[in-house]
Amino acid sequence: MKIATWNVNSIKARLDNITDWLKSADPDIACLQEIKTVNDGFPYMEIEALGYNVAVHGQKSYNGVAILSKLPFDEVIKDLPGEDLLDDGADDQARYIEAVVSGARGPVRVASIYLPNGNPVGDAPDYSDKYQYKLRWMDRLRARAQSLLPYEEPLILAGDYNVIPYARDVHDPVGWQGDAAFRPETHAKFRALLNIGLTEAFEQMDGREHQYTFWDYQRGAWQNNQGIRIDHLLLSPQAADRITDFQIDKFVRDGTKPSDHVPVIGTFDL
DNA sequence: ATGGCGATCTGCGATCGA
């Protein structure tokens with residue numbers, strides 16, 4: 001079972017890139033982030049025509065996440081518990097959607113995650129509202145993951161974490177050290193998430209330096225390979241024990257009108 | 001030091017991303 005994550009930076013602007021990639025990569029499940037549309041604006045017809053069921057948690061202009069799956073959804077859950085609930089009970093930022101499908105050996109749980117960027121950071125010790133929101137969101141994600149681990153299911157938390165785990169995951173560690181994606185507080189929250197018992201698929205399967213998943217549109221970042229690795233697959237033990245392959249589809253960044261992120265794919269014996 | 005690129009909105013430039 002191929003399970004992918006990709007921050008597409010608008011599903012409407014990227015529809016041709018996405019359908020081309022789905023046809024060639026042929027993932028069973030694709031977690032998308034930054035679809036930048038309300039649910040009604042999602043191109044259901046074009047995606048369903050490729051054989052996918054679609055679960056969408058959209059939002060106007062910003063954010064928005066989705067899960068595409070060739071297997072039918074047994075369950076779909078939107079938003080993390082914790083805060084920012086509106087009157088209708090929904091989060092005011094659409095950044096999390098989780099689904100369960102039935103694999104050959106039983107249930108497989110997958111989440112599509114768009115973790116807040118958090119910049120600008122502001123000044124210590126209070127920091128900006130945006131950075132505090134990021135750190136709180138990481139706490140909420142950890143709490144959700146911790147509540148799921150007792151199910152002992154294959155669990156894949158896939159998404160744009162806006163976290164650069166290590167210095168080897170960024171072209172210019174010194175230049176990025178104050179960034180919300182690379183600060184000590186961010187690293188501490190990311191470690192806390194891993195330390196409940198999750199494995200980062202890249203670290204288990206690859207671990208090389210400079211394997212980036214994002215290159216800025218500006219300053220020739222792609223041409224100069226000035227990237228960062230911020231898109232991750234975090235795995236429960238039951239998923240980590242079943243992963244057989246891991247790849248970053250870097251070639252997608254060379255296409256016409258590309259997203260600034262590229263797809264990350266794990267293959268699982270599930 | 002410096003947001004230089006790209007998407008969205010109902011705009012006639014602003015805001016946001018990372």
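What's counted below: heavy atoms across the whole structure, side chains too, no hydrogens, waters or symmetry copies.
Applying the side chain to side chain donor-acceptor pair (under 3.5 Å) test to every pair with at least one member in residues 188-199 of chain A, sequence neighbours left out, gives these pairs: D139(A)-K189(A).
Across dT10(B) and dG4(B), the matching C1' atoms stand 26 Å from one another, rounded to whole Å. Annotation: dA1(B) and dC5(B) have their P atoms spaced 22 Å apart (nearest Å). Comparing the C1' positions of dC12(B) and dG17(B) gives a spacing of 23 Å, expressed to the nearest Å.
Summarising the geometry of V252(A) relative to W6(A), their closest heavy-atom pair is CG1-CZ2, 3.5 Å, with the distance given to 0.1 Å. Residue P258(A) comes nearest to N17(A) through the heavy atom pair CA-ND2, 3.7 Å, listed as atom of the first residue, atom of the second, then distance.
By the 30° and 60° cut-offs, the orientation of the rings of Y161(A) relative to F190(A) is perpendicular.
Both R219(A) and P116(A) sit near DNA chain B, but only R219(A) has its closest nucleotide nearer the 5' end.
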Base-contact (B) and sugar-phosphate-only (S) positions in nucleotides 6-14 of chain B, heavy-atom cut-off under 4.0 Å, - elsewhere: SSSSS----
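Contacts of Y161(A) with the nucleic acid, taken as non-hydrogen atoms under 4.0 Å apart, are absent. Using a 4.0 Å heavy-atom criterion, one finds that N117(A) contacts the bases of the nucleic acid, with or without backbone contacts as well. Using a 4.0 Å heavy-atom criterion, one finds that D160(A) contacts the sugar-phosphate atoms exclusively. Residue contacts shown for K134(A) are absent, as no nucleic acid heavy atom lies under 4.0 Å away.
Under a 4.0 Å N-O distance rule, the pair D245(A)/K2(A) does not qualify as a salt bridge. Taking the charged nitrogens against the carboxylate oxygens, R144(A) and E98(A) do have a contact shorter than 4.0 Å, which makes a salt bridge.
The nearest whole Å value for the distance from the CG atom in D216(A) to the P atom in dT2(B) is 14 Å. In this structure, Q218(A) atom CD and dT2(B) atom P are separated by 13 Å, rounded to whole Å. With rounding to whole Å, Q226(A) atom CD is found 13 Å from dG4(B) atom C1'. N162(A) places its CG atom 15 Å from the P atom of dC16(B), with the value rounded to the nearest Å. Distance CG (N7(A)) to C1' (dC16(B)): 13 Å, rounded to an integer number of Å.
Ring pair H187(A)/F182(A): centre-to-centre distance below 6.0 Å.
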